[in-house]
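Everything on this sheet refers to the single structure shown next.
Convention: sequence-line order gives letters A, B, ...; per-chain numbering from 1. Only heavy atoms go into these numbers, but all of them, side chains included; no hydrogens, no water, no symmetry mates.
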2 protein chains.
Amino acid sequence: MAMSLAEEVSLDLEVMFKALASERRLQILEWLKDPAGNFPPQEHGDPHEHGACNQFIVEKLGVSQPAASRHLKVLTDAGLVIATSRKGWTYYRRNEEAIADLTRQLANDL
Amino acid sequence: MAMSLAEEVSLDLEVMFKALASERRLQILEWLKDPAGNFPPQEHGDPHEHGACNQFIVEKLGVSQPAASRHLKVLTDAGLVIATSRKGWTYYRRNEEAIADLTRQLANDL
DNA sequence: CAGCTGTATAGCAGGTTAGTTATATGGCTA
DNA sequence: TAGCCATATAACTAACCTGCTATACAGCTG
């Protein structure tokens, strides 16, 4: 059965573009490419598996904790980032599959 | 001399994402893939060479002429669309090279 | 289970975006 | 060149975004 790319992966381009239309959020995505390299060592939560600890992102962004929290929510709601809670901390990592789906669709459809 | 992709093509990702973060503007870009197919026949200005006549875009968008004008300005300022004035009318077409540059950079860097 | 700590939500202020109507601009055309 | 017609700009409003502080929530941990 034939489907358009949009149906196939059901990406909401407008939501994703809104999430990406922010220097702060682009910066977060960039940092999350290499959590271990961009953030201090963390005691719990493997940087490679679970991503970077929330608090490190807050500090590096240089905004208040609630502001950072909302940026991370925008990214997770758009499906670009995945949150993991563990022992009272929250870790964020890139959703590489979704990002690859997005760039693939853009290369074909934009 | 080595350059990052961002320097090489000097794309302002945030500006482009902001331009794309609008259902209306995504719609315009979609229509402009096939001006002859998506708009009425125009007397002057080859649809394929110069793009679609401004007035047709205004009508099809269903917003006021100034609102459409600003959407088109956002797209042209981001470099995604090219405007051509001719005999009193203005035509808009996709900047396929810029769009290809963008999707290429996203595939590599996002 | 009581308290503490990390994170999310509420509520507010300031700036930006997107729509409107009214008007200015600019270049054909007669 | 006088007028007209297509488009852009101005001015205003409503909605949205992003930052803040204060507070609620949730789940470890002693």
Side-chain angles (χ1 to χ4, degrees), chain A residues 12 14-29 32 35 39-40 42-45 47 50-78 80-93, chain B residues 12-29 32 35 39-45 47 50-78 80-93:
Chain A
D12 187 331
E14 189 186 6
V15 168
M16 289 199 165
F17 282 136
K18 277 191 202 302
L20 293 168
S22 152
E23 204 62 69
R24 289 252 153 80
R25 292 191 289 267
L26 288 174
Q27 182 72 81
I28 292 172
L29 282 176
L32 291 186
F39 299 100
Q42 45 197 54
E43 299 172 8
H44 304 292
H50 300 109
C53 175
N54 187 341
Q55 293 202 329
F56 293 156
I57 300 176
V58 170
E59 289 167 19
K60 197 152 183 170
L61 263 189
V63 296
S64 67
Q65 176 267 319
S69 179
R70 195 167 37 197
H71 281 304
L72 288 161
K73 178 169 169 47
V74 171
L75 287 169
T76 55
D77 286 351
L80 296 167
V81 152
I82 297 172
T84 307
S85 289
R86 197 186 158 88
K87 299 222 174 120
W89 283 271
T90 303
Y91 303 92
Y92 291 94
R93 67 180 189 278
Chain B
D12 186 332
L13 280 190
E14 190 185 6
V15 167
M16 290 201 164
F17 282 137
K18 276 191 201 303
L20 292 168
S22 152
E23 205 61 70
R24 289 252 152 81
R25 293 191 288 267
L26 288 173
Q27 182 72 80
I28 292 172
L29 283 175
L32 290 185
F39 297 100
Q42 46 197 52
E43 298 171 8
H44 304 291
H50 300 108
C53 175
N54 187 339
Q55 293 203 327
F56 294 155
I57 300 175
V58 170
E59 289 167 18
K60 199 155 182 169
L61 263 190
V63 296
S64 66
Q65 175 266 320
S69 180
R70 196 169 35 195
H71 281 304
L72 288 161
K73 178 169 168 49
V74 171
L75 286 170
T76 54
D77 285 353
L80 296 167
V81 153
I82 298 171
T84 308
S85 290
R86 197 186 158 88
K87 300 230 174 111
W89 282 271
T90 303
Y91 303 93
Y92 290 94
R93 68 181 188 278

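Between B:R86 and C:dC28 there is no side-chain polar atom (N or O) within less than 4.0 angstrom of OP1 or OP2. The side chain of A:H71 contributes an N or O atom lying less than 4.0 Å from OP1 or OP2 of D:dG19. Between B:S64 and C:dT20 there is a side-chain N or O to OP1 or OP2 distance below 4.0 Å.
A:I57 places its CD1 atom 12 Å from the C1' atom of C:dT7, with the value rounded to the nearest Å. In this structure, NZ of B:K18 is placed 16 Å from P of D:dC16, rounded to the nearest angstrom. Rounded to whole angstrom, the span from the NZ atom of A:K87 across to the C1' atom of C:dT7 amounts to 18 Å. Atom pair A:D77:CG and D:dC17:C1' shows a separation of 15 Å (rounding to whole Å applied). Whole-Å rounding puts the B:E23 CD to C:dA18 C1' distance at 15 Å. Atom P of nucleotide C:dG19 and atom CG of B:L61 are separated by 8 Å, given to the nearest angstrom.
Under the side chain to side chain contact (heavy atoms under 4.5 Å, CB included) criterion, A:S64 pairs with A:P66, A:A67, sequence neighbours left out. For B:K60, the side chain to side chain donor-acceptor pair (under 3.5 Å) criterion is met by no residue, not counting sequence neighbours. For A:T84, the side chain to side chain donor-acceptor pair (under 3.5 Å) test picks out A:R93, with sequence neighbours left out.
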Could you pull out all donor-acceptor pairs under 3.5 Å where a side-chain atom in residues 14-23 of chain B meets a protein atom, sequence neighbours excluded?
from: B:E14; atom 1: OE2; to: A:E23; atom 2: N; distance (Å): 3.4
from: B:E14; atom 1: OE2; to: B:K18; atom 2: NZ; distance (Å): 3.4
from: B:K18; atom 1: NZ; to: A:A21; atom 2: O; distance (Å): 3.2
from: B:S22; atom 1: OG; to: B:R24; atom 2: N; distance (Å): 3.3
from: B:S22; atom 1: OG; to: B:R25; atom 2: N; distance (Å): 3.2

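Ring geometry for B:H50 versus B:Y91: interplanar angle of 30 to 60°, hence tilted.
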(Q) Treating primed atoms plus P, OP1 and OP2 as sugar-phosphate and everything else as base, which nucleotides of nucleotides 1-10 of chain D get B, S or - for protein heavy atoms under 4.0 Å? (A) -----SBBB-
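Residue contacts shown for B:A67 include a base, since a base heavy atom lies under 4.0 Å away.
The salt bridge (charged side-chain N to carboxylate O under 4.0 Å, His left out) analysis of residues 61-72 of chain A, with sequence neighbours excluded, yields no pairs.
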